[in-house]
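I have placed the structure first, in the form of structure tokens, so that the comments after it can refer back to it.
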Amino acid sequence: MDVIIIGAGAAGLMAAKKLVEAGHKVCVLEARDRIGGRIYTFNDGALPTSLEGGAEFIHGNLEVTVELLKEAGIETKEIKGDVWEITGGKWKQENDFFKNTELVIKRLKEVKEDVSIGTFIEKYFLGEKYKGLRESLTAYVEGYYSGEINRTSSIAFLQEWLSEDEQQYRPLEGYGRLMNYLAESTWKRGGRIELSTIVKEISWKKGQVEVTSETGQAYIGQKAIITVPLGIWTAEEQATGAIRYVPALPAKKDAAKRLGFGSVIKVLLGFKTIFWEDEAVKKQAKKDLRQLHMALSDQPIPTWWTQLPNKLPLLTGWLSGPRAYKMKDKNEDVILQAALNSVSSIFKVSIEILKENLLFSRVFNWTNDPFTRGSYSYSTIETIEARKLLMAPVEETLFFAGEALYEGPEMGTVEAALTSGMNVALKVIEPSSAF
Ligand SMILES: Cc1cc2nc3c(=O)[nH]c(=O)nc-3n(C[C@H](O)[C@H](O)[C@H](O)COP(=O)(O)OP(=O)(O)OC[C@H]3O[C@@H](n4cnc5c(N)ncnc54)[C@H](O)[C@@H]3O)c2cc1C
């Protein structure tokens, strides 16, 4: 085998496709019994649509994603609708995700030496006057980037915020189709994808790797591309999914710890009816919610979105950042109860009525998932340097990719993973481009 790829997520599959197209023999080893990693599209028949347990949105007109979707013949649908903020039971239409956007951006532009968002807030926004701003900026960093304010880089936050595209899309019938397209492109050219294969050890020397699975199966190749999430890099050696390198790579492990990796819990609640369009809810909220896209609330599971422009009786709940980390060991029933309580408070519908209307529920606790152990990466003050260290190939034999190993404004996204997979394949094909 020429190249062994660890992980069949967006990065690993993209690398596999590019390598087989360049005539390389590849074998992808994937721990789970499915491809896609943090992309998990499923359809359990309860609703006439595919559902997303992981990635769902395309955050703008992103070069690599859009090109690949086109190549795969997958259409996208633009998301339109109203964003509401609900605090203390009051509904208020929101255009921005945090208060005083202009003032925050003005102050962020004054930051010359990078500090965490926590330190930035302390410097510029102390006192009662800025209580609302502090809360909404914190909620935004935790909610959108899934980060901790005391680790998130102010300079990177500003860059990402300014480069954000207003337009958001969903791939028609889900991101999973894109993963299937990558896998089929790999198979078509003789590439292998082995599922349910948990890699335990990578023993390497220049020009040769021996990859051993948890069951003792060995795979020999000339090179390996490791695409596992940051949560795997930083896990204890005995933990499920953790990989032992022989010889060890302590500088890489240390670099991984200096990068930011958040937490997230996503909850899907499917109902028999689109109850938030009912007259009773309209009366309570004093708002017409037919165009409801997103509700940002002060509830335990704070953020909820609909499938607009598709009219479907599905609400998706989102808890991320330190609050999701705190809940990571709670069992699904506790999380589900928190979700129902949140929806009940937001829409002022009793728990009993909600439960009667509930068709199905699914909880995706990614931080508790042994092959992810978190959400996606965010920029810390140390990211630029640490990422370079983690990304650097070793002896033209070990190569590294994944959403966290991408240098650009779309960090933490499918675009980042696909780009990183594409770039690492180029490095393998033309090692001189790696240095
Ligand atoms: C809940 C959630 C919602 C998200 N929403 C969006 C969104 O709307 N838009 C967006 O662009 N991005 C979103 N993201 C981020 C996006 O999903 C990721 O950035 C991207 O899918 C990561 O791809 P990857 O290939 O780098 O990693 P992964 O998809 O995590 O792939 C790595 C693979 O490695 C495997 N693996 C781990 N350990 C081992 C081992 N020891 N042996 C073998 N295999 C192993 C894993 O099982 C996994 O399949 C979301 C992420 C989450 C968790």
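Whatever order the structure lists them in is the order used to number ligands and atoms, beginning at 1.
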> With a 4.0 Å heavy-atom cut-off (strictly under), which part of Phe57 contacts ligand 1: side chain, backbone, both or neither?
Replying inline: both
>> My understanding is that we take every heavy atom of each candidate and find the minimum distance to atom 35 (C) of ligand 1. Doing that for Met179, Glu30, Arg34, which one comes out nearest?
In response: Glu30
> Does Phe42 have Arg362 sitting over its ring (NZ/CZ under 6.0 Å from centre, angle to axis within 45°)?
Replying inline: yes
>> Please compare Ala55, Ala235, Gly37 and report which has the shortest non-hydrogen distance to atom 6 (C) of ligand 1.
In response: Ala55
>> Heavy-atom distances under 4.0 Å decide this one: backbone, side chain, both or neither, for Val264 against ligand 1?
In response: side chain
> Got a salt bridge between Glu407 and Lys388, using NZ or NE/NH1/NH2 to carboxylate O under 4.0 Å?
Replying inline: yes
> Which is closest to atom 27 (O) of ligand 1 by heavy-atom distance: Arg373, Arg38, Glu415?
Replying inline: Arg38
>> Applying a heavy-atom cut-off of 4.0 Å, say which part of Thr372 lies close to ligand 1: side chain, backbone, both or neither.
In response: neither
> Do any heavy atoms of Ala401 fall under 4.0 Å from ligand 1?
Replying inline: no
> Looking only at heavy atoms of Thr240, does any of them come nearer than 4.0 Å to an atom of ligand 1?
Replying inline: no
> Does Phe347 have its ring centroid less than 6.0 Å away from the ring centroid of Phe275?
Replying inline: yes
>> Using ring centroids (six-membered ring only for Trp), state whether Phe57 and Trp305 fall under 6.0 Å.
In response: yes
> Hey, would you say the Trp161 and Tyr140 ring centroids sit under 6.0 Å apart?
Replying inline: yes
>> Just by distance, no angles: are the side chains of Glu173 and Ser50 close enough, under 3.5 Å, to form a donor-acceptor pair?
In response: no
> So, for Phe261 and Tyr325, is the gap between ring centers shorter than 6.0 Å?
Replying inline: no
> Considering Gly54, Ser420, Ala11, which one's heavy-atom position lies nearest to atom 2 (C) of ligand 1?
Replying inline: Gly54
> What part of Ile35 sits under 4.0 Å from ligand 1 if we count only heavy atoms: the side chain, the backbone, both or neither?
Replying inline: neither
>> Does only the side chain of Phe371 get under 4.0 Å from ligand 1, or the backbone, or both, or neither? Count heavy atoms.
In response: both
>> Just to be sure I read this right, does ligand 1 sit under 4.0 Å from the backbone of Trp318, its side chain, both, or neither, counting only heavy atoms?
In response: side chain
> Roughly how far, to the nearest 0.5 Å, is the CZ atom of Arg373 from the CH2 atom of Trp233?
Replying inline: 15.0 Å
> Which of the listed options, Val414, Ile39, Leu62, holds the heavy atom that is closest to atom 12 (N) of ligand 1?
Replying inline: Val414
> Side chain, backbone, both or neither: which part of His59 has a heavy atom under 4.0 Å from ligand 1?
Replying inline: side chain
